[in-house]
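Throughout, residue positions are numbered sequentially from 1 according to the sequence presented. Computed from a predicted structure; not experimentally measured.
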Amino acid sequence: MKIVVLMKEVPNTYGERTLSLETGLAERAASDNVLDEVTERAMEVALAYADAHEGTQVHALTVGPAGATTSVRKCLAMGAEAATHVVDDGLVGADLGLTAEVLAAALDRIGYDLVVAGNQSTDGMGGVLPAMVAELLGVPHLTNLSEVTIAEPEIAGTRVSDDADIQVSATLPAVVSVTDALPEARFPNFKGIMAAKKKPLDVLSLDDLGIDAEDMTASRTILLSVAARPPRTAGVKITDSGDAGTQLAGFLAENQLV
């Protein structure tokens, strides 16, 4: 079996995250970028299966700037056998649609039996990319799984909803996304770090994948403007002189909250 894990480098969750007012893009200091934790958990799902099933191939796939190579190498140090990194200036500011197209094209090139991803990244929080990739590939998708069971030729899992735990399954090939309820990822050891330097890392461009980022025949999301968040201001303070209830009701009505 070949399992491809979709990885993403994101700004450190514990740091201050801001948008450039010129480009509208998240400002990413290379020294403060990390692998998204939920995608690390997706990698752990694949590696745990590979540990127990000889012959399983685990491949890491990411779309990101050249500086994301460090995070790609971490995937290899964790235990992935190979990685693919799609790098292209035409992808700067890419929306979910274009990103999904690139990932689907890369997956067709790599080959896969199972694609595992995190349910949503901590920077964009879109939460729809795995489903979009599955739609483009024409395969089933199981999303937001808190438990995963891989048993060729089927994959199954548990999706937690507000009212119940839903048991879902699909026949491979398929795309699944996992939540942070899955186990934490293993920590790369020294042996893995050294081995990662010799593992294959394929760097692709949009031309390699036959994708034109300027092709607007597909639906695209375009950012028109961005503004700084206004400073916080003091709220309205009501002093009770016997009519606080009336003042409060008037405030709610004025702001269309009732």
Side-chain angles (χ1 to χ4, degrees), residues 2-11 19-20 22-30 33-36 39 42-43 57-76 80-118 120-139 141 173-175 177 196 199-224 226:
K2 186 170 187 176
I3 305 176
V4 180
V5 184
L6 306 185
M7 315 299 296
K8 187 177 185 185
E9 185 180 79
V10 298
L19 295 179
S20 166
E22 292 184 6
T23 65
L25 303 177
E27 295 182 322
R28 300 171 184 263
N33 292 335
V34 296
L35 262 180
D36 202 352
T39 63
M43 176 61 75
Q57 296 179 313
V58 178
H59 193 112
L61 169 61
T62 192
V63 174
T69 300
T70 301
S71 292
V72 178
R73 290 291 183 192
K74 182 178 180 180
C75 299
L76 297 173
E81 293 184 15
T84 298
H85 184 186
V86 183
V87 184
D88 199 292
D89 289 342
L91 290 171
V92 175
D95 67 350
L96 287 166
L98 178 56
T99 303
E101 288 178 31
V102 172
L103 287 170
L107 286 164
D108 279 335
R109 180 183 178 115
I110 296 166
Y112 62 92
D113 296 297
L114 174 64
V115 179
V116 187
Q120 58 183 11
S121 63
T122 55
D123 55 351
M125 302 288 285
V128 296
L129 189 64
M132 295 174 76
V133 170
E135 178 69 17
L136 291 169
L137 294 174
V139 300
H141 65 276
V175 176
S177 67
K199 291 181 178 179
L201 169 55
D202 193 14
V203 179
L204 302 177
S205 67
L206 290 178
D207 286 341
D208 293 328
L209 298 174
I211 293 178
D212 179 7
E214 301 300 322
D215 180 9
M216 294 301 167
T217 57
S219 176
R220 293 281 183 259
T221 301
I222 301 174
L223 180 67
L224 298 179
V226 62

Practice task
Run the numbers on Leu137 and Tyr112 for side chain to side chain contact (heavy atoms under 4.5 Å, CB included), then give the verdict.
Solution key: CA-CA 11 Å; Leu137 294 174; Tyr112 62 92; 3.6 Å; yes
Practice task
Using modelled atom types only, decide if a donor and an acceptor are shared between the side chain of His85 and the backbone of Pro65 within a distance under 3.5 Å.
Solution key: yes
Exercise for the section: Indicate yes or no for a side-chain donor-acceptor contact from Arg109 to the backbone of Leu209 under 3.5 Å, with no hydrogens or angles considered. Expected result: no
Exercise for the section: Enumerate the residue pairs fulfilling side chain to side chain donor-acceptor pair (under 3.5 Å) with a member in residues 61-71, sequence neighbours excluded, ordered by first and then second residue. Expected result: Glu9-Ser71
Fill in the blank from the handout: Residues pairing under side chain to side chain donor-acceptor pair (under 3.5 Å) where one sits in residues 208-224, two or more places apart or in two chains, turn out to be Glu101-Arg220, Ser205-Asp208, Asp215-Thr217
Practice task
Evaluate side chain to side chain contact (heavy atoms under 4.5 Å, CB included) for Val10 paired with Asn33, printing each intermediate quantity in order.
Solution key: CA-CA 5 Å; Val10 298; Asn33 292 335; over 6 Å; no
Exercise for the section: Start with the C-alpha gap between Leu103 and Leu129, add the side-chain angles, then the distance that decides, and say whether side chain to side chain contact (heavy atoms under 4.5 Å, CB included) holds. Expected result: CA-CA 10 Å; Leu103 287 170; Leu129 189 64; 3.6 Å; yes
What's the spacing between [X] [atom1] and [Y] [atom2] if we round to 0.5 Å?
| X | Y | atom1 | atom2 | result |
| --- | --- | --- | --- | --- |
| Ile3 | Glu81 | CD1 | CD | 10.5 Å |
| Thr39 | Leu6 | OG1 | CG | 9.0 Å |
| Leu98 | Leu206 | CG | CG | 7.0 Å |
| His141 | Glu135 | NE2 | CD | 8.0 Å |
| Leu61 | Ile110 | CG | CD1 | 4.5 Å |
| Thr99 | Leu91 | OG1 | CG | 7.0 Å |

So which atom in [X] and which in [Y] form the shortest heavy-atom distance, rounded to 0.1 Å?
| X | Y | result |
| --- | --- | --- |
| Ala100 | Met132 | CB-CB, 3.8 Å |
| Leu76 | Ala196 | CB-CB, 3.7 Å |
| Ala83 | Val72 | CB-CG1, 3.5 Å |
| Ala80 | Lys199 | O-NZ, 2.9 Å |
| Lys8 | Asp123 | NZ-OD1, 3.0 Å |
| Gly118 | Ser177 | O-CB, 3.7 Å |

Problem - CA sep, side-chain torsions, deciding dist, call: Met43, Val58, side chain to side chain contact (heavy atoms under 4.5 Å, CB included) - result: CA-CA 8 Å; Met43 176 61 75; Val58 178; 3.7 Å; yes
Handout entry: side chain to side chain donor-acceptor pair (under 3.5 Å) assessment of Thr122 paired with Asp36
Key = CA-CA 7 Å; Thr122 55; Asp36 202 352; 3.2 Å; yes
Fill in the blank from the handout: Result for side chain to side chain contact (heavy atoms under 4.5 Å, CB included) between Val86 and one of Val203, Val63, Ile211 points to Val63
